[in-house]
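A short worksheet on the structure shown next.
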Amino acid sequence: MDSKFTKPYDPSQTEGRIYERWEESGYFDPDNLPGERSEPFTIVMPPPNANGDLHAGHALFITLEDLFTRFRRMQGYKALWLPGADHAGFETQVVYEKKLEKEGRSRFGMDPKELYDEILAFTLENKKNMEKQVRELGASCDWSREKFTLDPDVVAEVQRTFVKMHEDGLVYRGKRTVNWCPKHQTSLSDLETVNVEETTPFYTFKYGPFDIGTVRPETKFGDKYVVMHPDDARYKDWKHGQTLDVEWINGPITATVIKDESVDPEFGTGVMTITPWHSQVDFEIAKRHGLDMTQIIDWRGKLLPIAQEFESMKIAEARSKIVEKLSVKGLLVSTDEKYQNVVKRCYKCNTMIEPQVKDQWFVSMKPLAKMALDSVDRGEIAFIPENQGKVFRYWMENTLDWNISRQIVWGIGIPAWFRNRGEADEQIVASVERPGGDGWEKDTDTFDTWFSSGQWPLLMTGYPDGKDYATYYPTDVMETGHDLIFIWVPRMIIFGLYLGKKAPFHSVYLHGLVNDAHGKKMSKSKGNVISPLDLTGKYGTDALRMSLVVGNTPGTDLALREDKVKGYKHFANKLWNIARFVLENTEGTEAVPTLVDADAKLREELDALVTDVTKDMEEYRVYLAAEKIYHYVWHRLADEILEESKPVLAGEDAVAKASRQTLLLSLLTDSVKLLHPFMPFVTEELWGSIPGTEDLLMVAPWPR
RNA sequence: GCGCGGUUAGCUCAGUUGGUAGAGCGCGUCAUUGACGUUGACGAUGUCGGGGGUUCGAAUCCCUCACCGCGCACCA
């Protein structure tokens, strides 16, 4: 009998040691796994951002992916879980800018190379921290195949993809409205902005014979087009293209009448003026009619010289002054103070987004989205839960072209070159190498981080000619948060189909958010953030893992309660004591070849559970599988079978006793196996004490 | 505005193809020096959000309403 059983189970004395044994065994690498294995099982880890500590959401995905992997490894697959780390472009740059701010520094004015190197050092330091924490959670991923999104081979491949897409006409340079964050000095995708409903005064001004409404008087300096619906009877006497002189903010101007169907006659007076440079809708109208576009607000959010006396003023300051001036001129008709308006803000700093027209690189999404939809229609990708497929579909059917340029240094450089930039004879070349001839200037923009992470399943498996690519691509399951269903998942599918000619995974498992004990979203400002590492320190990693899995259906948010974690710590100890009892009572005994009838029945009962649970695992109902095993072990094996075994073990009937001893040892062995994917540490520790076991539990065959 | 969820025991949630309602925690009573007090046994609490329909039978399928949550959105 092992002396370790004298104390309650102590995770802190076990986990580090066990993880080292796993790592030293080499079994995280499928090439080293024992036995004949032909069928691969592959998961690509969503690369955590290398810019801070792991949070509860990371703990959830690591638990799920680890248990999928461990299950398949025990089933005899060439199980491979590929870890990575994401430089997380804008996200990390924002984190780093905050750090600079605290030190009284700013990225503006810094040498780009110097800034890049500083962020790189910061990220690499965090990457080490992140990897350590992933290990602490028991992740059986193959560290020898780890990749970072800024590894040279990754960067090179991502850049090649851009050039290829440009050659195929799927990437274009376009002058378009972008979401500009005046604080961060970069454009953002729609997904990097938040729409906030606000109460903003709605002004109605006299514009010649018309009344026009606006919430943004500060953009109105350049408005020289007045637009109405072509069928609006009230304005039928005004002809498209007709001009008129109107008195405006800084004096008289000549306005032109434009008829456009996008104007809603029901809204306000049915007439509006447009500011194409600072509004997406207005831009579209201007483009349709070939109208002039003038920039009114600069990149810092201040008014340009066109505003005359208001030049250099910040928007917030200028707005009321402009209204005042128009009011004095008798041009203010009315003010609705209670107007509900949706305002776009930067998702990181909450600064009001200023639409600006800018030359950027765009991906043509229509043909790519169609490819993705067709693949899903052919049944090549299953969504778990199924309803997430609807969300995916909605998104793919309504996708807009994707702006992939970011004006930040922290990222993969866009391989494009300009000659005579900004001139009439501007030349642009997409190429990794500098084009021949003089005067080429490199694009200083970097890719949106999703441009590289979208290619992650390909890059991780060594696309296009790495040694693993043929074996491990396409992968089996992509497990990630349901909040990424339209941010990341579609991009991986698109790149997978476009470059790899196959959908990058067969299934998408989408977990919900991990919320606090009352189901409220965790946030630093609310102070309800639960750190997974605090919990594992207190109750053990196995306990945290169980509490994240049991009853946690995919797609549904989870309330993480400390008492639940505590409950599974008790369970780990229960298992510990079950093992202790069984091992004490079977020490030195030989297994008998046949069980007495009563024992055979108990053995069959567990066999039935194995069948049931295996099916659940294969169909990703791990939340049910975990609960069933838990129930069996505690309330059937311990409460009933062990209790009724006591008289048998103490009794005179040697045949019954030997049969029961054989039974108990086999029930324990299989219970420990079944629990291993969920509670890898305590089960591996027990495995070493069960007689007749060889090698590590992590490679023991799954019971049948 | 559009979309997606949810509504089941005091709390947090399961309930896979329709077959007499479940778990954990909490609560109550009792037991136990036991493999384990990080224990065990027993127990109480539910018109499964409202209404309608399909069915021999509905928490489960269909329709509808209400409320809560989340996401998306270029109405000036």
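A, B, ... follow the sequence lines: proteins, then strands. Residue 1 opens every chain.
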Pairwise 5' ranking along RNA chain B for A:K390 and A:Y9, keeping only the more 5' one: A:K390

Please evaluate the base of B:C25 for a donor-acceptor partner in the side chain of A:K564 within a cut-off of under 3.5 Å? no

Quick one: label A:S262 by what it contacts on the DNA or RNA (base, sugar-phosphate, nothing), any heavy atom closer than 4.0 Å. nothing

Between A:E192 and A:R345 (salt bridge meaning N to carboxylate O under 4.0 Å), is one present in this structure? no

Measure from NZ on A:K569 to C1' on B:G24 and round the result to the nearest Å. 18 Å

Suppose we define a pair by two distances each less than 3.5 Å, Watson-Crick or G-U wobble; what does B:A23 pair with here? B:U12

Identity of whatever pairs with B:G46 - Watson-Crick or G-U, under 3.5 angstrom: none

Phosphate oxygens OP1/OP2 of B:C11: is one of them under 4.0 Å from a side-chain N or O of A:R561? no

Under 4.0 angstrom, heavy atoms only, what part of the nucleic acid is A:F283 near: base, sugar-phosphate, or nothing? nothing

Touch check for A:L513, heavy atoms < 4.0 angstrom, all strands: base, sugar-phosphate only, or nothing? nothing

Which part of the nucleic acid, if any, lies within reach of A:K628 when heavy atoms closer than 4.0 Å are counted: base, sugar-phosphate only, or nothing? base

Paired to B:C4 by Watson-Crick or G-U wobble criteria (both distances under 3.5 Å) is B:G69

Rounded distance in Å between the C1' positions of B:G5 and B:U47: 25 Å

How long is the line joining CD of A:E192 and P of B:C72, in whole Å? 12 Å

Between A:N515 (CG) and B:G71 (P), how many Å, whole number? 11 Å

Among B:C13, B:A14, B:U39, which nucleotide has an atom closest to any side-chain atom of A:E627? B:A14

Give me the distance, rounded to whole Å, that separates B:G51 from B:U12 when you measure between the P atoms they each carry. 24 Å

Establish, from distance only, whether the side-chain atoms of A:E685 and A:T14 form a donor-acceptor pair under 3.5 Å. no

Is A:H631 near enough to B:G15 that one of its side-chain N or O atoms lies under 4.0 angstrom from OP1 or OP2? no

If we take the P atom in both B:A35 and B:G22, what is their distance in whole Å? 32 Å

Starting from C1' on B:C36, measure out to CZ on A:F571 and report it in whole angstrom. 13 Å

Which whole-number value in Å describes the distance from A:N577 CG to B:A35 P? 10 Å

Regarding A:V263, tell me which of base, sugar-phosphate or nothing describes its non-hydrogen contacts under 4.0 Å with the strands shown. base

Please give the distance between the C1' atoms of B:C27 and B:U20 as a whole number of Å. 27 Å

Does A:R176 qualify as a cation-pi partner of A:F362, given the criterion of NZ or CZ under 6.0 Å from the six-membered ring centre and within 45 degrees of its axis? yes

Side-chain N or O of A:Y623 versus OP1/OP2 of B:U16: is the shortest distance under 4.0 Å? no

Has the side chain of A:E197 got a donor or acceptor that lies under 3.5 Å from a partner of the other kind on the base of B:A73? no

Nearest-nucleotide wise, let me know which of A:T193 and A:Q340 is further upstream toward the 5' end of RNA chain B. A:T193

How is A:E643 classified with respect to the nucleic acid when contacts are heavy atoms under 4.0 Å: base, sugar-phosphate, or nothing? base

Should A:S279 be listed as having a side-chain N or O under 4.0 Å from OP1 or OP2 of B:C74? no

Give a yes/no on whether any side-chain N or O of A:Y339 is located under 4.0 angstrom from OP1 or OP2 of B:A76. yes

Which is true for A:N552 with a 4.0 Å heavy-atom rule: it touches a base, it touches only sugar-phosphate, or it touches nothing? nothing

How would you label the contact of A:T556 with the nucleic acid (heavy atoms, under 4.0 Å): base, sugar-phosphate, or nothing? sugar-phosphate

How is A:K615 classified with respect to the nucleic acid when contacts are heavy atoms under 4.0 Å: base, sugar-phosphate, or nothing? nothing

In whole Å, measure the gap between the P atoms of B:U55 and B:A21 for me. 22 Å

With the side chain defined as heavy atoms from C-beta on, A:D264 is closest, among B:G40, B:U12, B:C75, to B:C75

Gap separating the NZ atom of A:K358 from the CH2 atom of A:W277, nearest 0.5 angstrom: 9.0 Å

What is the distance from CZ of A:F392 to P of B:G3, rounded to the nearest Å? 19 Å

C1' spacing across the pair B:A44 / B:U60, given as an integer number of angstrom: 27 Å

Quick check on B:C4: is either OP1 or OP2 less than 4.0 Å from any side-chain nitrogen or oxygen of A:N387? no

Taking atom types as modelled and ignoring hydrogens, do the side chains of A:S659 and A:D599 form a donor-acceptor contact shorter than 3.5 angstrom? yes

Using a heavy-atom cut-off of 4.0 Å across all strands, would you classify A:L642 as base, sugar-phosphate, or nothing? base

Nearest-nucleotide pick for A:N195, side chain only, options being B:A73, B:G71, B:C36: B:A73

Phosphate-side-chain proximity, A:K574 and B:G40, N/O vs OP1/OP2 below 4.0 Å: yes

Does A:N398 reach a base, just sugar-phosphate, or nothing at all? Heavy atoms under 4.0 Å. nothing

Could you tell me which nucleotide pairs with B:U54 by Watson-Crick or G-U wobble geometry, both distances under 3.5 Å, or answer none if nothing does? none

Between A:K521 and A:D516, does any side-chain N to carboxylate O distance fall below 4.0 Å? no

C1' spacing across the pair B:U16 / B:C61, given as an integer number of angstrom: 15 Å

Under 6.0 Å between ring centres, would you say that holds for A:Y630 and A:Y568? yes

Can you tell me how far C1' in B:U29 sits from the matching atom in B:C13, rounded to whole Å? 27 Å

Using a 4.0 Å heavy-atom cut-off, does A:H278 contact any base of the nucleic acid, only the sugar-phosphate backbone, or nothing at all? nothing

Classify A:D563 by what it touches in the nucleic acid, base, sugar-phosphate, or nothing, heavy-atom distance under 4.0 Å. sugar-phosphate

Distance alone, cut at 3.5 Å: any donor-acceptor contact between the side chains of A:K366 and A:T399? no

Pair assignment for B:U60, Watson-Crick or G-U wobble, requiring both distances under 3.5 Å: none

Round to a whole Å and report the spacing from CD1 of A:I285 to C1' of B:A76. 9 Å

Return the CZ to CG distance between A:F392 and A:N387, rounded to the nearest 0.5 Å. 14.0 Å

For B:A76, does OP1 or OP2 lie under 4.0 Å from any side-chain N or O of A:N341? yes

Answer yes or no: is there an ion pair linking A:R216 with A:D223, defined by an N-O contact shorter than 4.0 Å? no

At 4.0 Å (heavy atoms only), tell me whether A:G567 reaches a base, stays on the sugar-phosphate, or touches nothing. nothing

Round to the nearest Å and state the distance from A:Y620 atom OH to B:U16 atom C1'. 16 Å

